[in-house]
Amino acid sequence: MSIELLIQASYLIVAALFILGLKAMASPVTAKKGIVWAGVGMVLATLITFATPKMGNFGWMIAALVSGGALAWYLGKVVKMTDMPQMVAIYNGMGGGAAAAIAALEFAKGGDHGVITTALAILGALIGSVAFSGSCIAFAKLQGIMKKAHRLPGQNGVNVVLGLGTIGLGAAIVVGGHPEPNHLIAFFVLSLALGVILTNPIGGADMPVVISLLNAFTGLAVGLEGYVLGNPALIIAGIVVGASGTLLTQLMAKAMNRPLTNVLFTPITGEAQEGGAITGTQKEASAMDAAAMMRFAQKVIIVPGYGMAVAGAQHKVWEMSKQLIDAGVEVKFAIHPVAGRMPGHMNVLLAEAGVPYDLIFDLEEINEEFRQADVALVIGANDVVNPSARSDKSSPIYGMPILNADHAQNVIVNKRGKGAGYSGIENALFYGENTRMLYGSAQQAIAEVIANIKTMQG
Amino acid sequence: MENFIYLYIFMLAAFTGYEVISRVPVILHTPLMSGSNFVHGVVLVGAMVALGNADPNEPLQLVIGFFAVFLGAANAAGGYVVTERMLAMFKSNK
């Protein structure tokens, strides 16, 4: 058997492993097997590629492979669960950057590739560069390096001009045949700038949707560069991810009731909140009040948000829940589709703390139950329980499905201070008649509640 | 003709991608995004081939190639670890 045949057969197996792995990852029962299959595929693909005939530069190759792989492996191991979303973003950006760099390298080698190949290489370079710089911005925002969403005056106009300029230059390179180095450099700079200005104005709860979209972009870029290199493993894996990533992006956007075009072009900002003035004051509750309200309730629904995760309070919250359950209180957890920073992120965090699945409910499953709940305990969540999303048409989050915590008999909101939330929007829930504010970091506040419940036992 | 075969691969791969995750529970959205992030880490293979065929006497080509393989390897390795850690949380502890 020739080595070429062996390589092609291996890539076929790799493609099958990737598809089966992704399929398995779409179901909770088989998800863990899925990532292992895909991992086996990746190792096979990497090893067999070393056997490709007429290759050189192995010193450089191994140095890059080991340093890049080891660094990312280490960082991925030590990062906290709460910081996972930005790690996904940055690794995705690196994939996009790699695809763009492949295109750059092919152009640097020169030679005539023909119109179709050049066009796909340019398109892949554009999409890959956007994914790279856009993901870096997304990482910086989630990591808290960049605090605010910046919107240029006439942002959409700037986007269109820059986008058309980049595409125009790319088309000129394709038609021109032998591209000038200066033109190529300008093209890459413009593409990277495009990723920055597209991602920069986006903030708040829209971030996961954007990361998912950039993930699909990287997949597409990888598929296109796979065509340039004539490598079917890249084409299949890239396009499969491009398509599934697009679908996933749509599912996420739908869960937030935010059409994708709104996410990209009319981002959520706090400034639009002028019309619906909020009246009333925030009423404070002590840890003892909160403990008593919950200890002697029939039913408590807990709404965890990113604030709880940041404070690392999920273990304390579960400890408190166990106390309440032992005292005969029915406790349930209500998870908003975008609780945490990404869909499903909060489920992962609660699972880590040991909360059993059968206490955790989705928005659709539990929203009607708030009416029967004596207490809704909101911990570090804000926009996802803001009733303005239901009623106030002037609110920037109008139309987003929310958890109806305000329908409970009593609402306890644990929050660090009086400020507005992640997206900077005021929350009418905090001023409600039946709402009591339990100020303090989640970790400390819940610890005090636990201590108080203990004194009320028996 | 060969170009057309590639077009067919593109099309079938796109349908496959759409089909594979058409029914996925919300709790798996993040792990699945992370998993597909890992899968496009196969760009590493393309980067290796591109670097392997670069002219060893051209420093610019070697640097770009090194960069490509470095980024691709980070995408693959990091994507795997992160996905694996997320999925490890899904233990049934009833």
Side-chain angles (χ1 to χ4, degrees), chain A residues 18 22-23 25-26 31-32 35 38-39 42 45 49 55 57 60-61 64-65 68-69 72-73 76-77 87-88 91-92 94-95 97-99 101-102 104-105 108 212 215 218-219 222 225 229 231 233-241 243-245 247 337 342-345 347-348 351-352 356, chain B residues 6 9-10 13-14 16-18 20-21 24 26-52 54 56 60-62 64-84 86-87 89-90 93-94:
Chain A
F18 282 162
L22 276 177
K23 175 91 191 150
M25 273 188 266
K32 271 188 244 175
I35 184 65
M42 191 68 75
T49 302
M55 283 213 313
N57 306 323
W60 286 77
M61 197 181 294
L65 190 65
W73 187 277
K77 276 281 180 208
M87 293 314 282
V88 175
Y91 291 142
N92 170 52
M94 287 174 162
I102 290 174
L105 180 51
S212 177
N215 187 43
T218 301
V222 170
E225 299 310 331
L229 297 168
N231 187 314
L234 258 69
I235 298 178
I236 293 173
I239 299 298
V240 164
V241 170
S244 62
L247 178 61
M342 278 193 191
H345 190 203
N347 302 67
V348 172
E352 188 191 20
Chain B
Y6 278 119
I9 297 180
F10 270 98
T16 307
Y18 225 82
V20 154
I21 67 145
V24 51
V26 173
I27 57 163
L28 281 177
H29 278 182
T30 297
L32 187 61
M33 169 161 47
S34 182
S36 60
N37 176 38
F38 165 65
V39 167
H40 68 52
V42 76
V43 70
L44 166 64
V45 165
M48 286 168 67
V49 172
L51 172 60
L60 178 67
Q61 292 188 21
L62 291 176
I64 299 176
F66 179 88
F67 192 58
V69 174
F70 179 89
L71 290 177
N75 182 182
Y80 185 87
V81 172
V82 165
T83 311
E84 205 252 332
M86 279 190 209
L87 290 173
M89 298 298 155
F90 287 89
N93 50 351
K94 279 192 196 169

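What you see is a predicted model; the values in this text were computed from it and never measured. A note on names: the letters A, B, ... follow the listed sequences, proteins ahead of strands, and every chain is numbered from 1.
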- Message: As an exercise: rank L51(B), L60(B), T16(B) by heavy-atom pairs under 4.5 Å with chain A and give me the winner.
- Response: L51(B)

- Message: Taking the side chain as everything from C-beta on, heavy atoms only, tell me whether M25(A) gets closer than 4.5 Å to T83(B).
- Response: yes

- Message: Counting C-beta onward and ignoring hydrogens, is there a side-chain heavy-atom pair between V39(B) and V240(A) closer than 4.5 Å?
- Response: no

- With a 4.5 Å cut-off on heavy-atom pairs, point out which of S34(B), G46(B), G35(B) contacts chain A the most. G46(B)

- Task: Please answer whether the main-chain N or O of V45(B) pairs with a side-chain N or O of N231(A) as donor and acceptor at a distance below 3.5 Å.
- Result: no

- Item | Part of L62(B) within contact of chain A (heavy atom distance under 4.5 Å) | both

- From F67(B) CZ over to I102(A) CD1, what is the distance, rounded to the nearest 0.5 angstrom? 12.0 Å

- Does a side-chain heavy-atom distance below 4.5 Å link L44(B) with L65(A)? yes

- Please round to the nearest 0.5 Å and tell me the distance separating atom CZ of F38(B) and atom CG of N92(A). 14.0 Å

- Task: Please tell me if the side chains of I21(B) and S244(A) come closer than 4.5 Å, counting only heavy atoms from C-beta onward.
- Result: yes

- Rounded to the nearest 0.5 Å, what separation is found between the CE atom of M94(A) and the CG atom of N75(B)? 8.5 Å

- Ranked by heavy-atom pairs below 4.5 Å to chain A, first place among A77(B), P56(B), G52(B) goes to G52(B)

- Query: Is there side-chain contact between M86(B) and V88(A), with at least one heavy-atom pair below 4.5 Å?
  - Reply: yes

